[in-house]
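Shown next, in structure tokens, is the structure this report addresses.
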Amino acid sequence: MPKTKAHPIGVFDSGVGGLTVMRSIVETLPREQVVYLGDTARVPYGNRNAETVRRYARNATDLLREREIKALVVACNTASAHALNALVEAYDVPVIGVIEPVARRAVATTESGVVGVMGTRGTVRSGCYPEAIRAIDSACTVEQVASPLLVPLAEEGWLDDPATERIARHYIDQLSEPDLDTLILGCTHYPILSATLRRLTEEHLEMPVTLLDSASATTRALVDVLDAESIRTQAKDGGELEFLLTDLSPAFVEATERFFGNRPDEITHVDIVA
Ligand code: DGL
């Protein structure tokens with residue numbers, strides 16, 4: 001079926017972290033219909049093997065395709081790292097991942113040419129950020145640190161808790177490049193911890209550091225795709241938003257407010273076909 005301007009944009013993440021990207025999309029494109037799918041029944045993806053993540057990402061995309069999306073945003077670094085190419089090949093809608101847009105912004109931002117990446121084990125192991133950054137500027141140095149425990153801390157909303165500080169410090173202390181001036185929060189769960197992460201990184205490196213998350217660079221990439229394909233909505237009114245989760249436990253419902261900025265009016269449970 002041909003996709004038209006009136007169809008929704010699909011946004012997918014392993015859980016609620018992708019709502020940090022959804023929020024930026026809705027702020028930038030308020031007239032678009034957007035359907036969000038969080039695979040809360042199977043989160044976290046970060047420690048899983050690449051083939052499993054690809055299978056999960058295909059299941060999620062199949063479900064969103066039933067809603068006739070005109071474009072798909074993979075608002076999950078881990079799924080973008082492992083599954084983006086497979087999704088681009090397998091589906092006939094534009095698919096926008098989070099890695100490339102943020103890599104571009106990091107290269108444009110860094111003055112020292114030294115970029116740090118915090119992400120899940122899967123994202124870090126895949127090497128997707130070093131590869132994307134060096135494809136743009138081969139002179140850049142990229143230092144990565146896998147920070148898996150930040151995902152549950154963000155979901156629990158432990159933003160200022162001493163435990164979060166201790167765990168974040170454990171990861172940040174592993175950054176050893178003295179000239180690192182740009183730090184990619186390479187996981188869509190991390191932005192809600194950004195105040196703590198910035199403070200600890202600047203303390204550790206003893207200099208100001210620019211933090212980049214997935215939201216605004218990915219939204220910009222989405223806008224470019226919608227314009228290139230001439231599929232921006234012509235609607236005059238605000239677009240409808242739909243929130244789908246594969247597990248509707250109260251903790252996830254509560255977390256949507258933290259990650260999205262306000263509590264969605266309605267969240268629907270969906271079963272994903274594995
Ligand atoms: N939000 C996911 C990401 O951006 C990570 C959470 C997970 O481990 O599933 O990588």
Side-chain angles (χ1 to χ4, degrees), residues 10-25 36-61 72-84 87 95-103 105-106 116-130 132 144-158 164 167-168 171 183-194 197 211-219 221-222 243-247 249 251-252 255-256 258-260 272:
V11 179
F12 151 65
D13 178 45
S14 58
V16 285
L19 290 168
T20 56
V21 179
M22 167 97 162
R23 179 181 185 166
S24 158
I25 292 172
Y36 181 88
L37 172 60
D39 193 6
T40 43
R42 302 193 291 195
V43 72
Y45 284 10
N47 293 329
R48 300 193 194 280
N49 103 1
E51 188 41 52
T52 304
V53 173
R54 272 193 286 280
R55 181 159 50 84
Y56 288 180
R58 279 194 298 266
N59 300 155
T61 308
L72 172 68
V73 176
V74 184
C76 174
N77 286 260
T78 313
S80 295
H82 293 317
L84 190 72
L87 297 179
V95 183
I96 297 105
V98 289
I99 312 288
E100 229 259 341
V102 180
R105 194 159 284 185
V117 179
M118 298 181 81
T120 65
R121 282 207 181 89
T123 298
V124 164
R125 262 201 221 124
S126 77
C128 60
Y129 274 110
Q144 305 192 91
V145 52
S147 323
L149 292 175
L150 297 183
V151 171
L153 290 168
E155 282 183 352
E156 286 295 318
W158 286 21
T164 304
I167 291 167
Y171 294 132
L183 179 64
I184 295 176
L185 302 184
C187 172
T188 53
H189 279 71
Y190 298 172
I192 67 164
L193 302 174
S194 64
L197 297 176
L211 260 53
L212 298 178
D213 65 38
S214 308
S216 85
T218 306
T219 301
L222 169 66
F243 296 86
L244 312 175
L245 296 182
T246 57
D247 178 274
S249 57
F252 285 127
T256 56
R258 256 193 314 280
F259 285 85
F260 187 57
I272 214 154

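Counting convention: from 1, in listed order, for ligands and their atoms alike. Owing to the predicted nature of the structure, the values given are computational and were not obtained by experimental measurement.
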Task: Taking atom 3 (C) of ligand 1 as the reference point, the nearest protein heavy atom with its distance - done: N77 N, 3.3 Å

Open item on the list: Show the atoms of ligand 1 that are less than 4.0 angstrom away from any heavy atom in V43.
Closed with: 9 (O)

Open item on the list: Looking at ligand 1, would G15 count as a contact under a 4.0 Å heavy-atom criterion?
Closed with: no

- [ ] Could you name the option among Y190, Y56, Y45 that has the heavy atom nearest to atom 9 (O) of ligand 1?
- [x] Y45

TODO: Could you tell me if any non-hydrogen atom of G17 lies under 4.0 Å from any atom of ligand 1?
DONE: no

Open item on the list: Quick one, Y45 and H82 - any side-chain contact, counting heavy atoms below 4.5 Å?
Closed with: no

- [ ] Quick one: look up the protein heavy atom nearest atom 5 (C) of ligand 1 and list residue, atom name and how far away it is.
- [x] C187 SG, 3.3 Å

TODO: Please report which non-hydrogen protein atom sits nearest to atom 10 (O) of ligand 1, along with the residue it belongs to and the distance in Å to one decimal place.
DONE: T78 OG1, 2.7 Å

Open item on the list: Can you name the atoms of ligand 1, numbered from 1 with element, that are less than 4.0 Å from a heavy atom of G46?
Closed with: 7 (C), 8 (O), 9 (O)

Open item on the list: With a sphere of 6.0 Å drawn around CZ of R121, does it hold more than 12 non-hydrogen atoms of other residues, nucleotides or ligands?
Closed with: no

Open item on the list: Checking a contact table here: which protein heavy atom is nearest atom 2 (C) of ligand 1, and how many Å away?
Closed with: C76 SG, 3.5 Å

TODO: Measure from the ring center of F260 to the ring center of Y36 and say whether it is less than 6.0 Å.
DONE: no

Task: S80 side chain to I99 backbone, donor-acceptor under 3.5 Å - done: no

Open item on the list: Under a 4.0 angstrom heavy-atom cut-off, which atoms of ligand 1 come close to D13?
Closed with: 1 (N), 2 (C)

- [ ] Taking the side chain as every heavy atom from C-beta outward, state whether R42 and N59 have any atom pair closer than 4.5 Å.
- [x] yes

Task: Taking every non-hydrogen atom, the tightest pair across R105 and A217 - done: NH1-N, 3.5 Å

Open item on the list: Please list, in number order, the atoms of ligand 1 under 4.0 Å from a heavy atom of T120.
Closed with: 5 (C), 8 (O), 10 (O)

- [ ] Give a yes or no on whether R125 atom CZ has more than 12 heavy-atom contacts from other residues, nucleotides or ligands under 6.0 Å away.
- [x] no

Task: Flag for S214-N77: side-chain donor and acceptor within less than 3.5 Å - done: yes

